[in-house]
Amino acid sequence: MAEIRLYNTATRTQEALTPLQPGNVRMYVCGPTVYDRAHLGNARPVVVFDVLFRLLRQAYGADHVTYVRNFTDVDDKINAAALARKEAGVPAPLTDLIRERSDETIGWYHADMDALGALRPTKAPRATDYIAQMIALIDDLITRGHAYVAEGHVLFSVESDSAYGSLSGRSVDDMIAGARVEVAPYKRNPMDFVLWKPSSDDLPGWDSPWGRGRPGWHIECSAMARDLLGESFDIHGGGIDLTFPHHENEIAQSRCAHPDGEYAKIWMHNEMLQVEGKKMSKSLGNFFTVRDLLDQNIPGEVIRFVLLSTHYRKPMDWTEKKVADAVRTLDRWSEVFAACPDLLDEAPVALSGDAEVVTALSSDLNTAGALAALHGMIKRIDQIAVDDAGRTAELRVFLASVSLLGIDLASYAKRFLAGERFLSAEARLDDTEDWVRIKLRTLLEARAEARAAKDYARADFLRDAIISAGIVVKDTADGFDFELTDQYDPAKLEALTP
RNA sequence: GGCGAGUUGGCGGAGUGGUUACGCAGCGGAUUGCAAAUCCGUGCACAUGAGUUCGAUUCUCAUACUCGCCUCCA
């Protein structure tokens, strides 16, 4: 087994993973705030850390990896969504609507991430189930002099933590100088952040020593990680935008409350996702959800493939070309199994996967390198005779290697071999009007007749005409097929005469 | 203003102190009535300047440009 090396944001270097408890790895990843469908950006960390989860399970054993990913179900946006429903006339108490909204969103989230082939984490706690632990943690921080009560709020005192700012590499003074937040007058230091805040009567709230209220954003992760993983654990992950303030504040809370623990040892952050070269952001409104893509008939395996084709620490640009390339690659990989479809129905074998693939993944999750290694494998396999037993053995290793990336090639290939095509000509034609299909069919059949009569001049003339409308004509063993290209233009097709 | 990341061939995208990434596109060949698809083979690169070194795309510094975070955000 190759040594697993991971880039640690906290030290800004790559480090070998050595579990604090030998043979038992503990990982916490910040999960979604469940107010709406997961957008594509939400999917990136899920897929990235799922690959890590799979790698760790293989290296240490499935029962020796604990992966916790939370659901944040205390949030203004959830409240707003519930409030909007109430105002729309839904006759139910607001708290019920809030709970309903969270439940519904969590269900969506699981379904969408399942479609991307992500394994469920070992534990998926909800913040609202850990209010008591949060209150205890806050109480502890007050006792230890790291937090104070002011006007119904409990605030963390950043000046009480000499290490504050170490993860994100900034000093408290720098932060104050560049702060663009309005500073509440009751804060002792402008950077002090909320641990607990009062709740109005019409919003969710819990009784606490400081009155009815609700927790601040950061405390939930500290409380759940403490409860489920302990004071020290191995890996903490999330999007790079969480580095500050979320993770910085988590560290501060946890280390100050548990001075003997070091909280997370390795901090991993995935870079952001862009769409066609532009930042994907809610405020710009150019984002789309995972469900949108699935509904466009883009298979989950394809989405996952694209997400893994760029290293997790680099910004990734989501483009239609990448989707098309991924479809193409998965189609090719599927075709290799045409001669041995039974392999696809075999139960997953306990193979460790190709050494090159494992080495790439072990080197700070080099998923792009792993995909390159898979390309090499398939090339080698292609050169082995179809009836050679060695080919079957190699294909099993190939499948095991692909599944280490969480790409369910067996499922994809079975659908492909059964004739399913994604982004196919037929699928695209389905969106067009009847006359297009009739016209195209007329032209294609006219050409087939010309070919049958060996009137190649006419056949080629017709094919050139169809090509000029952006449609590629293919002759197959049992007839013909066609494919729409980027130049496909219905207007040109309409102008053609047989 | 503060913090951080990046700049690789036509495009996407890894990696390395001296040697092939890989994929797509291109080109040549096999195949085909001719094509398409497929298979085989193949050319093309490391932002700029300086330094360290026997040798740098790879290390150091500077410059330019791009991007992200500092505010809910993965």
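Lettering of chains follows the sequences in order, A, B, ..., and the numbering in each one begins at 1. Computation of the quantities below employed the complete heavy-atom set of this structure, encompassing side-chain atoms and omitting hydrogens, waters and symmetry-equivalent molecules.
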Judged by each residue's nearest nucleotide on RNA chain B, which is more toward the 5′ side, A:Ala373 or A:Lys379? A:Ala373
Measure from the side-chain N and O atoms of A:Thr310 to the backbone N and O of A:Met316, and report whether any donor-acceptor pair falls under 3.5 Å. no
Ring centres under 6.0 Å, that's the criterion: do A:Phe398 and A:Trp333 meet it? yes
Expressed as a whole number of angstroms, how long is the span from A:Asp241:CG to B:rU71:C1'? 12 Å
Spacing between A:Arg332 atom CZ and B:rC24 atom P, to the nearest angstrom: 5 Å
Qualifying residues under salt bridge (Lys or Arg N to Asp or Glu O under 4.0 Å), relative to A:Asp408, sequence neighbours excluded: none
Rounded to the nearest angstrom, tell me the gap between atom CG in A:Leu405 and atom C1' in B:rA14. 14 Å
If I take atom OH in residue A:Tyr35 and atom P in nucleotide B:rC73, what distance separates them, rounded to the nearest angstrom? 9 Å
By nearest atom, which of the nucleotides B:rC73, B:rG12, B:rC67 is closest to the A:Lys322 side chain? B:rG12
From B:rC70, B:rC24, B:rC39, pick the nucleotide closest to the side chain of A:Phe244? B:rC70
Under-4.0 Å side-chain N/O to phosphate OP1/OP2 contact, A:Thr310 with B:rG13: yes
Among all residues two or more places apart in sequence or in another chain, which pass the salt bridge (Lys or Arg N to Asp or Glu O under 4.0 Å) test with A:Asp76? A:Arg214
I want to verify a distance call: between B:rG23, B:rA14, B:rG4, whose nearest atom is closest to the A:His311 side chain? B:rA14
Can you check the distance between B:rA35 and B:rG12, where both ends of the measurement are the C1' atom (answer in whole Å)? 28 Å
Roughly how many Å apart are B:rC61 and B:rU53, using the C1' atom of each and rounding to a whole number? 16 Å
Closest listed nucleotide, where the reference is the side chain of A:Ala368 and the choices are B:rC24, B:rA14, B:rA74: B:rA14
Base, sugar-phosphate, or nothing for A:Leu273, non-hydrogen atoms under 4.0 angstrom? base
A:Asp331 (side chain) donor-acceptor with A:Arg328 (main chain) under 3.5 angstrom: no
So which protein N/O to nucleotides 6-11 of chain B N/O distances come out below 3.5 Å?
none

In whole Å, what separates the P atom of B:rG15 from that of B:rC22? 15 Å
Expressed in whole Å, how much space separates the P atoms belonging to B:rG4 and B:rC24? 39 Å
Just the rounded figure in Å: distance from C1' of B:rC69 to CG of A:Leu242. 11 Å
Any side-chain N or O of A:Asn366 less than 4.0 Å from the OP1 or OP2 oxygen of B:rG15? yes
For the pair made of CG in A:Leu167 and C1' in B:rC70, what is the distance, rounded to whole Å? 14 Å
What orientation do A:Phe156 and A:Tyr164 show, parallel under 30°, tilted 30 to 60°, or perpendicular over 60°? tilted
Spacing of A:Asp317 atom CG relative to B:rA5 atom P, expressed in whole Å: 21 Å
Any side-chain to backbone donor/acceptor pair from A:Arg44 onto A:Glu271? Under 3.5 Å, distance only. yes
With P as the reference atom in both, quote the distance from B:rG6 to B:rA47 in angstrom, rounded to an integer. 13 Å
Considering only residues two or more places apart or on different chains, which pairs with a residue in residues 104-113 of chain A satisfy side-chain hydrogen bond (donor to acceptor under 3.5 Å, both in side chains)? A:Arg37-A:Asp112, A:Arg85-A:Glu104, A:His110-A:Arg120, A:Asp112-A:Arg291
Per nearest nucleotide of RNA chain B, the residue lying toward the 5' end, A:Gln383 or A:Gly239, is A:Gln383
With respect to the side chain of A:Lys77, which nucleotide from B:rU38, B:rC72, B:rC39 is positioned closest? B:rC72
Stems of at least 3 consecutive Watson-Crick or G-U wobble pairs (donor-acceptor distances under 3.5 Å) involving RNA chain B, listed by first number, are B:1-7 with B:64-70, B:10-12 with B:22-24, B:26-30 with B:38-42, B:47-51 with B:59-63
Could you state the CZ-P distance from A:Phe71 to B:rC73, rounded to the nearest angstrom? 16 Å
Can you list, by residue number, the residues of residues 109-119 of chain A that have a non-hydrogen atom closer than 4.0 angstrom to RNA chain B? none
Is a donor on one side and an acceptor on the other found under 3.5 Å between the side chain of A:Lys322 and the backbone of A:Asp317? yes
Sequence neighbours left out, cut at 3.5 Å: what donor-acceptor pairs do the side chains of residues 235-247 of chain A make with other protein atoms?
| unit_1 | atom_1 | unit_2 | atom_2 | d |
| --- | --- | --- | --- | --- |
| A:Thr243 | OG1 | A:Ile240 | O | 2.6 |
| A:His246 | ND1 | A:His218 | ND1 | 2.9 |
| A:His246 | NE2 | A:Glu250 | OE2 | 3.1 |
| A:His247 | ND1 | A:His269 | NE2 | 2.8 |

For the P atoms, the ones on B:rA56 and on B:rU19, what distance do you get once it is rounded to whole angstrom? 11 Å
Quick one: salt bridge (Lys or Arg N to Asp or Glu O under 4.0 Å) partners of A:Lys321, sequence neighbours excluded? A:Asp325
Look at the side chain of A:Asn70 and the backbone N and O of A:Arg126, then say whether any donor-acceptor pair between them is shorter than 3.5 Å. no
With a non-hydrogen cut-off below 4.0 angstrom, is A:Gly238 in contact with a base, only sugar-phosphate, or nothing? sugar-phosphate
Across all chains, not counting sequence neighbours, the side-chain hydrogen bond (donor to acceptor under 3.5 Å, both in side chains) partners of A:Arg447 are A:Asp475
Among all residues two or more places apart in sequence or in another chain, which pass the salt bridge (Lys or Arg N to Asp or Glu O under 4.0 Å) test with A:Arg415? A:Glu301
Charged N to carboxylate O below 4.0 Å: is that the case for A:Asp460 and A:Arg451? no
Indicate, with a heavy-atom threshold strictly under 4.0 Å, whether A:His269 touches base, sugar-phosphate, or nothing. nothing
Expressed in whole Å, how much space separates the P atoms belonging to B:rU60 and B:rU16? 14 Å
Residue pairs fulfilling salt bridge (Lys or Arg N to Asp or Glu O under 4.0 Å) with at least one residue in residues 364-380 of chain A, sequence neighbours excluded: A:Arg313-A:Asp364
Tabulated below should be each protein N or O lying under 3.5 Å from an N or O of nucleotides 31-34 of chain B; please produce it.
| unit_1 | atom_1 | unit_2 | atom_2 | d |
| --- | --- | --- | --- | --- |
| B:rG33 | O6 | A:Arg451 | NE | 3.2 |
| B:rG33 | N1 | A:Asp460 | OD1 | 3.0 |
| B:rG33 | N2 | A:Asp460 | OD1 | 3.4 |
| B:rG33 | N2 | A:Asp460 | OD2 | 2.5 |
| B:rC34 | O2 | A:Arg463 | NH1 | 3.3 |
| B:rC34 | O2 | A:Arg463 | NH2 | 2.2 |
| B:rC34 | N3 | A:Arg463 | NH1 | 3.0 |
| B:rC34 | N4 | A:Asp475 | OD2 | 3.1 |

B:rG13 to B:rU8 separation - P atoms, rounded to the nearest Å: 9 Å
